[in-house]
Each structure stands twice: as structure tokens, then as C-alpha cells.
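Some notes on the structure that comes next.
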Amino acid sequence: MKVKICAGARCTMNSSENLAAAVEDLQRDLNAYMEKHEDHLEEFEIEFVNCLDYCKEDHYNAPVVVVNDKPILGATPEVLMERLTDEVFADRFDD
Amino acid sequence: MKESYIDVLKVRRMAYEHIARIAYEDRPIDDIAKEVYDILPGEQATYRENIFRERAVMGERLRMALGLDARTADKTEAITDGINDVDVDTRIYNPPLVDVIKIACEACPENRVEVSNMCRACLAHPCVNVCPKNAITYTKNGSVIDQNKCIKCGKCVTACPYNAIVHTKRPCQEACGVKAIKSDEMGRADIDSDICVACGKCITACPFGAIADKSEIYQLVKALKSDRNVYAIVAPSFVGQFGKLTSPEQIFEAIRQLGFKDVVEVGLGADLTTLNEAHEYYNQVVPGKIPFMGTSCCYSWKLMIRKKFPEINDYVSESSTPMIYSGQTLRKRDPEGLIVFIGPCISKKLEALEDKVHSTIDFVITFEELMGMFLAKGIEPSEIEIDKEVMDASKTGRNYAVSGGVAQAVVNRLKEIDPDLKVDVENAEGLADCVKLAQLAKLGKKDGKLLEGMACVNGCIGGPGTVVSEMSTRKAVQQFSAKSDFESPYDNTNIPDEDKKGL
């Protein structure tokens with residue numbers, strides 16, 4: 001699953017790299033959980049991208065993360081991790 | 001830890017950006033009164049319990065960012081009080097450099113073991129039975145600790161089956177390696193500036209963002225707007241600080257776009273420090289003229305030894321720091337220019353106030369402050385197109401940013417001088433470790449050694465003025481180091497031959 005993290009100046013200042021660390025942490029936790037249950041999940045794929053211009057509209061939009069083409073504005077680690085766990089488990093609860 | 005304090009970082013960095021913006025836009029300095037509302041709009045608080053206190057704290061933060069002292073609640077004149085004195089284009093701040101914003105301090109309890117309301121007043125009450133000081137009384141409402149008797153050993157904490165007893169510590173005090181933080185009469189943190197060595201650890205450790213250092217970005221921007229030539233010297237940990245996709249070359253160009261005439265790596269000065277320290281070690285420690293040698297580049301480490309262990313002060317290398325050598329090199333190229341050190345470090349602001357350094361370094365700012373300036377001027381470093389290469393420093397000079405890098409550079413140089421020489425190195429990272437190392441050195445337990453002291457864990461990449469985590473900078477520094485054309489500092493063609501003479 002693609003996780004695009006903005007590496008522009010304002011997002012970097014507002015700790016966007018810390019969001020990448022949160023995703024890596026979550027990945028480790030999920031991997032450990034999946035290994036224990038002999039299961040497998042789609043892995044996160046972090047990509048740093050140049051400024052997406054959301055911060056030009058409003059400073060409070062930084063940091064920006066895009067998950068499955070949907071942007072999270074003013075992202076925090078807890079919101080991002082919740083979103084990622086929801087997405088990664090989504091197909092299991094389809095019906 | 002620092003990286004996860006997101007809101008604390010945000011509040012601090014916003015202050016820098018807004019101060020820089022006032023200066024760049026040539027607005028009256030009095031505008032900080034309006035700026036507080038711009039930074040913290042609306043009627044509801046975002047970061048503290050109410051908007052009034054939040055704005056008051058931001059006001060003091062902005063004043064410190066202008067180089068003024070933070071005020072206490074009994075002296076709340078207008079936020080603009082005395083502000084015109086700092087509306088200049090030269091360095092103006094005075095010690096103390098690091099101080100508590102008293103109106104933001106929550107007076108956290110100092111080192112205490114307390115019984116929480118999770119206590120079930122159990123029949124077994126092991127907390128009472130394990131206490132070596134008989135400090136705990138069992139009552140039907142729960143256990144009670146006599147704070148006068150408690151020695152904070154923590155035995156009751158482990159013994160309680162309900163995790164009902166907690167050992168709380170004051171974060172700023174815990175972070176301070178020289179124990180400079182006491183309490184004032186209201187129980188708030190109070191920094192003893194006679195002991196403090198301005199490492200900045202308390203600034204990043206306080207969960208309320210209640211400790212700050214003074215800044216001079218306002219005056220720097222004014223200097224950049226004057227007709228003088230202003231040069232930036234940038235510490236080796238700069239790589240990777242301004243976004244994952246931003247190259248060192250782009251960072252240099254972004255700095256030029258801020259109004260700097262030119263930018264040079266402090267790694268260049270680091271090369272001179274290496275050459276001088278190796279020379280010094282070879283001529284002083286090897287023949288036994290001095291028992292051991294401490295490295296000279298970390299100012300907090302040097303200051304700690306000067307204040308706490310004056311007996312061994314003479315055994316710290318006399319070589320200048322990379323900041324000073326870089327400044328001197330640039331000063332030769334343009335005697336009239338202004339020189340600005342940009343780094344991860346807060347104590348460099350104090351070093352620059354020293355008599356010998358004052359005329360070499362005109363301003364000191366951190367990477368965080370520089371980031372604020374980029375944003376204030378709307379510069380996006382990652383999108384700059386530039387093909388000009390950065391090549392001021394050798395491989396080992398660029399590695400000064402990482403703990404162990406300084407000593408390694410000196411050892412490598414010593415091997416060039418005398419391939420058979422065995423150099424015994426010991427490193428300390430973090431101020432508390434530095435104190436231990438200095439203590440042992442004083443007792444004669446480190447004789448013959450080269451002692452590298454770094455007040456920040458991981459070295460400069462872990463400095464309080466960094467923007468990103470040391471993990472990511474470490475990689476970036478290694479890659480940048482490998483790209484240098486100069487294996488040894490002696491090969492560095494940017495250093496004039498006269499400066500290498502005899503080394």
C-alpha cells in the first residue's frame with residue numbers, strides 16, 4: 001500500500017519524517033502479529049514526495065500524507081496509523 | 001523522544017518563522033503583538049488550558065526569539081515593552097542563553113514516589129514490607145508514603161501487584177547532565193546559569209515547551225538586508241535536515257537565496273581542527289607532556305570541564321573549534337564580511353560570545369531557525385535547480401557530525417603522521433556520560449588516551465537545534481562523507497598551504 005509523505009519544507013518542519021517513523025513502527029508491529037498468526041498482509045510502501053501545495057491553501061494542512069490517493073491533512077501519527085490499519089484490514093471485513 | 005513532541009516542536013518553530021517574516025517583510029517590530037493572534041487565532045486554546053495563557057506564553061517565546069529575556073507574571077508589561085532596543089542588525093543577546101519561560105512551567109514534582117488512586121489497600125500490602133526505610137504506612141484508604149523518609153529506591157513500585165505506585169521525575173531535571181536545574185519558590189524549574197553549559201537538552205525534554213533559548217534571527221535578517229556581505233558556515237550535520245528529497249547542494253543554494261553571499265561547510269574548519277589536534281596529541285600526549293587530551297569541538301563539553309573540573313582544563317585540546325577555523329578562513333577571504341554559523345547546536349551561541357570568538361563569528365542560528373527563515377521567505381529547498389557542487393571538506397571532516405567521528409578523524413590523521421602509533425580512544429556521548437568520563441580522567445584513569453566528549457547523544461546529529469531525527473541524519477551524513485574528493489584533511493585543497501604548515 002502506497003503511503004506518500006510530503007517532504008516539502010513546511011511538512012518537514014512539522015515533523016513529517018516522524019510520520020514515516022510511525023509507519024515503520026506500525027509495520028514492525030503488524031509483521032510480528034501476522035507472523036504469530038501465520039498470516040500475511042499487504043506491506044506499506046513509503047514514498048517521500050515534493051510539496052503537494054496543500055500548505056499553500058492553509059498552513060495547518062501540513063504535514064500531508066496521501067494514503068491510497070486520499071490525502072490526510074494536518075496528519076498526526078495516531079490518525080495516520082489508525083487510517084492505515086483500517087485500510088490494510090478493510091478487505092477482510094467487506095461482507 | 002524529541003521527534004514525538006510534535007506540538008512542542010510546532011509551537012517553537014512557528015515562533016521562528018513568524019519573527020523571520022516580520023524582519024523579511026520590513027514590518028515594524030511592534031507587530032509581534034499582532035503576530036501572537038496570527039499564530040494562535042480564535043477564542044479557543046489549542047495547546048494549553050486557555051487561550052490567554054497560550055498567547056501570553058507565545059508572546060514571551062517571541063520575545064526570546066528576538067533575543068530578550070523571558071519575563072515572569074509580575075512583570076507583564078506590554079509584549080512590545082523594551083522591544084526597540086533589539087531592532088538592530090547586530091548581535092544583541094546576553095546570557096542567560098537558556099531559560100525557563102516561567103509562565104509556561106507547570107512546576108512538575110521533582111523526583112517523587114507516589115501512591116496513585118489505583119491502590120486497593122490490599123491485605124498483603126507488599127509496598128510497606130519491602131520499604132528499606134519503613135517510609136510507608138498502611139491505612140484502610142490505601143498506602144501513604146512519608147516523603148521525608150522516602151529515598152526513591154523504587155522497591156515499592158516493583159512490589160505492588162496493581163502498578164499503583166509511580167516514580168515520577170521532572171523531565172527537564174532528568175535531562176540535565178550537570179544537574180543545573182533546581183526549583184524556585186513556586187516550585188517551578190530554575191536554571192542555575194553558573195552550572196548550566198547550554199547543551200539544550202532541557203529545552204527538548206520539557207513536555208510543556210517551557211524552556212527556550214534566545215535567538216537572533218531577527219537581527220540576522222536585518223543584517224542580510226543591509227549592504228554588508230553575509231556568509232554562512234554550515235555545520236556537518238546539515239545534510240538531510242531540510243527534507244528527505246533535498247540535496248546538500250540545494251540546501252546551500254536555498255541559503256544563498258535567503259540573502260547570503262556565500263556558504264561554506266564547517267567541515268572545512270573541522271579539517272583544520274583535525275590537523276591541529278593530531279599535531280597537538282603527537283607533540284603533547286605521546287612524549288608525555290600532558291597525561292591525556294580531550295577533544296575541543298563540543299563547546300558544552302569544554303565548558304563543563306572548565307566549570308566542573310578546572311584541574312584538567314589544560315588537557316583539553318587548545319585547537320580551535322571547527323566553527324572558529326571556518327570563520328577565520330572566511331574572514332581572510334573577506335575581512336569586512338559578516339559570518340553566520342548555522343548548526344544543530346545551542347551552546348555555539350554561547351561560544352560566540354567569548355572574547356576570542358566574538359570578532360570571528362557574528363551570528364549563530366540553528367537548523368530549526370534556518371528552516372523558519374526558509375518558510376518566512378517562501379523558499380522550497382527541494383525544488384531548487386542547481387548543479388554547483390559542494391566540496392569544502394574531507395571525508396573525515398564531514399563525519400564530525402556523528403559521535404566518534406571527531407576522534408576517528410584525529411586517529412586517521414595520526415596514522416598518516418606515524419603509521420606505527422597506537423592511539424587509545426574513548427568516547428562519551430550525552431552530558432552525564434561526559435561528566436563521568438571527565439571525573440575518571442581527573443583521577444588519572446584515562447592517561448594516554450584521546451577523549452572525545454559530545455554533550456549530545458549520537459553527537460551533533462542529536463543536537464537540540466536539529467529538524468529531523470538523528471537516525472535519518474546519520475545515513476545522510478555517511479553518504480555525503482563518502483562523496484568527498486578528499487580522503488584526508490591534509491588533501492583538502494580549500495585549506496591554504498600556509499595553514500597546513502608544520503601540521
Side-chain angles (χ1 to χ4, degrees), chain A residues 1-29 31 43-67 71-85, chain B residues 1-18 20-21 38-42 46 240-247 250-251 254-255 257-258 366-385 466-473 475-476:
Chain A
M1 182 179 306
K2 263 246 159 34
V3 184
K4 290 185 186 169
I5 298 179
C6 178
R10 188 170 294 282
C11 285
T12 301
M13 187 178 82
N14 285 352
S15 307
S16 69
E17 281 193 28
N18 183 54
L19 295 170
V23 178
E24 284 162 9
D25 255 5
L26 179 65
Q27 184 77 70
R28 268 191 294 276
D29 290 346
N31 285 353
E43 297 220 341
F44 306 124
E45 200 184 312
I46 299 172
E47 184 194 348
F48 286 99
V49 295
N50 276 335
C51 182
L52 299 165
D53 285 340
Y54 288 103
C55 62
K56 308 284 188 296
E57 293 158 26
D58 186 346
H59 288 181
Y60 287 91
N61 283 343
V64 181
V65 184
V66 182
V67 179
I72 306 175
L73 305 179
T76 55
E78 65 275 17
V79 168
L80 174 59
M81 287 189 288
E82 183 189 29
R83 176 75 165 275
L84 289 175
T85 31
Chain B
M1 177 180 68
K2 182 188 165 195
E3 292 70 35
S4 61
Y5 280 15
I6 298 170
D7 283 340
V8 171
L9 292 174
K10 202 180 269 180
V11 164
R12 180 163 82 226
R13 292 170 182 174
M14 275 197 294
Y16 297 142
E17 180 193 347
H18 283 258
R21 182 170 291 139
D38 194 36
I39 301 172
L40 302 167
T46 317
Q241 293 289 342
F242 303 95
K244 265 270 191 280
L245 305 173
T246 311
S247 68
Q250 285 173 317
I251 297 172
I255 295 173
Q257 291 185 6
L258 287 172
T366 64
F367 296 139
E368 273 188 334
E369 291 163 306
L370 180 66
M371 190 58 132
M373 290 170 68
F374 287 150
L375 287 167
K377 206 151 187 262
I379 294 171
E380 187 55 62
S382 58
E383 288 168 15
I384 293 173
E385 285 185 27
T466 53
V467 181
V468 301
S469 82
E470 51 264 38
M471 293 304 286
S472 102
T473 322
K475 276 185 219 149

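Quick note on labels: first sequence line is chain A, next is B, and so on, each numbered from 1. Computed from heavy atoms alone, side chains included, the values below leave out hydrogens, waters and symmetry copies.
Here A:N14 contributes atom CG and B:L375 contributes atom CG; the two are 8.0 Å apart, rounded to the nearest 0.5 Å. Expressed to the nearest 0.5 Å, how far OG of B:S469 lies from CG of A:N18 amounts to 8.0 Å. Atom CZ of residue B:R12 and atom CE of residue A:M13 lie 11.0 Å apart, to the nearest 0.5 angstrom.
Nearest approach of A:A9 to B:E380, heavy atoms of both residues: N-OE2, 2.8 Å. The two residues B:G243 and A:E17 have their closest heavy-atom pair at C-OE2, 4.1 Å. Minimum heavy-atom separation, B:R13 to A:T12: NH1-O, 4.3 Å. When all heavy atoms of A:Y60 and B:I39 are compared, the closest pair comes out as OH-O, 2.8 Å.
Within 6.0 Å of atom NZ in A:K56, more than 12 heavy atoms from other residues, nucleotides or ligands are found, so the atom counts as buried in its surroundings. Crowding of B:M471 atom CE: a count of heavy atoms from other residues, nucleotides or ligands under 6.0 Å not exceeding 12. The 12-atom threshold is exceeded at CD of A:E78, counting heavy atoms of other residues, nucleotides or ligands nearer than 6.0 Å.
Under the 4.5 Å side-chain criterion, counting only non-hydrogen atoms from C-beta, A:P77 is in contact with B:I6. B:E383 places a side-chain heavy atom less than 4.5 Å from the side chain of A:C51. Using a 4.5 Å heavy-atom threshold, the side chains of A:C6 and B:K244 count as separate.
Heavy atoms of B:L245 lying under 4.5 Å from chain A belong to its backbone as well as its side chain. If you measure heavy-atom distances from B:F242 to chain A, the contacts under 4.5 Å come from the backbone alone.
Legend: residues meeting side chain to side chain contact (heavy atoms under 4.5 Å, CB included) with B:R21, ordered by chain and number and at least two apart, are A:R10, A:H59, B:E17, B:H18, B:E25, B:R27, B:A376.
Listed options B:V467, B:T246, B:V468 were ranked by heavy-atom pairs under 4.5 angstrom with chain A; first place goes to B:V468.
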